[in-house]
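Treat the numbers as computed from the prediction; the structure is a model and nothing was measured. This chain uses plain numbering: 1 for the first residue, then up along the sequence.
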Amino acid sequence: FPSNIDTLPVVFNCGPTYPEMLRELGESDAFITRDLRVKRECAARATLIVSHSRSNIENLTGFMPAYAAKMRCLPFFLPHLKALPEADIVRKFARLDTIQCLFVGREARRKALPEVLTAFQELYARFPHLHLKVITNFADGTVDMPEHPGIELLGETSRDEVQRLLQQSHMLLVPSHFESYGWIYLEAMAAGCIPVAASGATQKEILADGRAGLPVGADAAHLRHAILPYRLHP
């Protein structure tokens with residue numbers, strides 16, 4: 001945010017602040033106070049304040065209502081994203097001899113891979129037609145990967161390959177501990193893949209409060225119970 005520009009209009013691209021969530025992630029009250037102060041200072045200077053979801057705008061209005069008239073919801077533009085034809089989605093769900101699940105996330109711990117692995121192995125014991133492919137480079141720390149017949153570690157792949165795998169998959173399992181937004185959920189929906197997602201306000205908005213996916217959150221038991229009705233017997 002340039003401090004030496006006084007004559008040009010400035011657009012402030014601002015994300016939400018959820019104090020309780022930040023505390024759960026280990027941030028101090030001093031950090032939260034500073035975060036709110038800086039956002040208010042930037043908002044005061046800005047001509048417009050933009051954020052990427054209506055829930056974000058509601059959050060920002062809550063702690064700086066004086067600047068509500070400047071706020072605009074500006075959705076992401078994702079030119080690489082193309083919807084899979086409905087006929088292809090129907091064909092995919094007609095072939096259920098194996099139910100393909102996919103995990104995608106460089107930060108495997110934040111994206112809740114340990115919880116996904118626990119829930120998946122418990123479900124696999126009852127439904128061995130499940131299969132899980134894992135795309136990650138463990139950027140935020142290693143995760144013990146079990147030697148399991150239903151789990152395949154792919155490492156890190158290209159964006160195009162992620163799109164191809166989403167189009168082949170029935171469920172995306174990324175119930176992150178925290179997501180500021182979650183492009184991968186939009187990519188999953190475009191590919192006809194059911195997103196099992198974080199449960200923050202923005203993710204609930206993206207998934208239409210559960211009508212377009214499952215905002216579950218990073219808990220193995222909740223994840224297992226959410227997937228169970230959709231186990232789709234072959």
Side-chain angles (χ1 to χ4, degrees), residues 1-81 83 104-112 139-141 159 162 172 174-190 195-219 222:
F1 306 103
S3 59
N4 60 342
I5 294 178
D6 295 321
T7 58
L8 295 178
V10 173
V11 177
F12 176 30
N13 185 10
C14 185
T17 296
Y18 295 101
E20 291 305 318
M21 182 180 296
L22 290 171
R23 291 187 185 100
E24 289 177 7
L25 295 172
E27 301 293 355
S28 65
D29 286 345
F31 173 91
I32 295 168
T33 299
R34 184 169 63 252
D35 180 76
L36 294 173
R37 175 179 57 78
V38 170
K39 286 180 176 177
R40 290 187 181 108
E41 290 174 356
C42 292
R45 291 194 60 246
T47 302
L48 286 178
I49 304 159
V50 300
S51 202
H52 302 299
S53 69
R54 293 183 180 87
S55 58
N56 283 5
I57 296 296
E58 291 174 3
N59 175 271
L60 297 175
T61 302
F63 66 83
M64 44 186 186
Y67 307 115
K70 298 182 180 182
M71 296 181 190
R72 304 289 188 274
C73 179
L74 184 65
F76 284 110
F77 175 58
L78 302 175
H80 72 280
L81 205 54
V104 180
R106 292 187 178 92
E107 297 180 359
R109 291 188 171 276
R110 179 175 67 82
K111 302 277 187 176
D140 61 348
R159 186 180 70 184
V162 169
L172 172 76
V174 185
S176 306
H177 290 273
F178 170 75
E179 286 286 353
S180 58
Y181 193 83
W183 288 2
I184 190 64
Y185 306 138
L186 304 183
E187 293 172 331
M189 287 188 285
V196 182
S199 58
T202 297
Q203 290 74 53
K204 289 178 180 177
E205 179 181 336
I206 291 172
L207 302 182
D209 288 322
R211 295 190 297 277
L214 305 174
V216 174
D219 180 89
H222 291 166

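Residues S53 and T202 approach most closely at OG-OG1, 3.4 Å, considering heavy atoms. Minimum interatomic distance between C14 and I49 (heavy atoms only, all atoms of both residues): CB-CG2, 4.1 Å. Shortest non-hydrogen contact noted between F77 and P79 is O-CD, 3.3 Å.
Donor-acceptor pairing under 3.5 Å is lacking for the side chains of H177 and E24.
The shortest side-chain heavy-atom distance between M71 and M64 falls under the 4.5 Å cut-off. Within the 4.5 Å cutoff, side-chain heavy atoms of V162 are placed close to those of I184. With contacts defined as side-chain heavy-atom distances shorter than 4.5 Å, the pair D35/E27 does not qualify. Side-chain contact between Y67 and L60 is absent, with no heavy atoms from C-beta onward closer than 4.5 Å. Put simply, the side chain of P195 reaches to within 4.5 Å of the side chain of L207, judged on heavy atoms.
Not one N or O on the side chain of S199 forms a donor-acceptor pair closer than 3.5 Å with the backbone of P215. Panel note: side chain H52, backbone P75; no donor-acceptor pair is recorded below 3.5 Å. Not one N or O on the side chain of E179 forms a donor-acceptor pair closer than 3.5 Å with the backbone of A198. Proximity of a side-chain donor or acceptor of Y185 to a complementary backbone N or O of V174 within less than 3.5 Å is detected.
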Subject >> Stepwise side-chain hydrogen bond (donor to acceptor under 3.5 Å, both in side chains) test for K39 and T17 >> reply: CA-CA 9 Å; K39 286 180 176 177; T17 296; 2.6 Å; yes

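Crowding of R106 atom CZ: a count of heavy atoms from other residues, nucleotides or ligands under 6.0 Å not exceeding 12.
Under 4.0 Å is where a charged nitrogen must lie from a carboxylate oxygen, and between R23 and D29 at least one such pair does. The pair E41-R45 fails the salt-bridge criterion, with no side-chain N (NZ, NE, NH1 or NH2) lying under 4.0 Å from an Asp/Glu carboxylate O.
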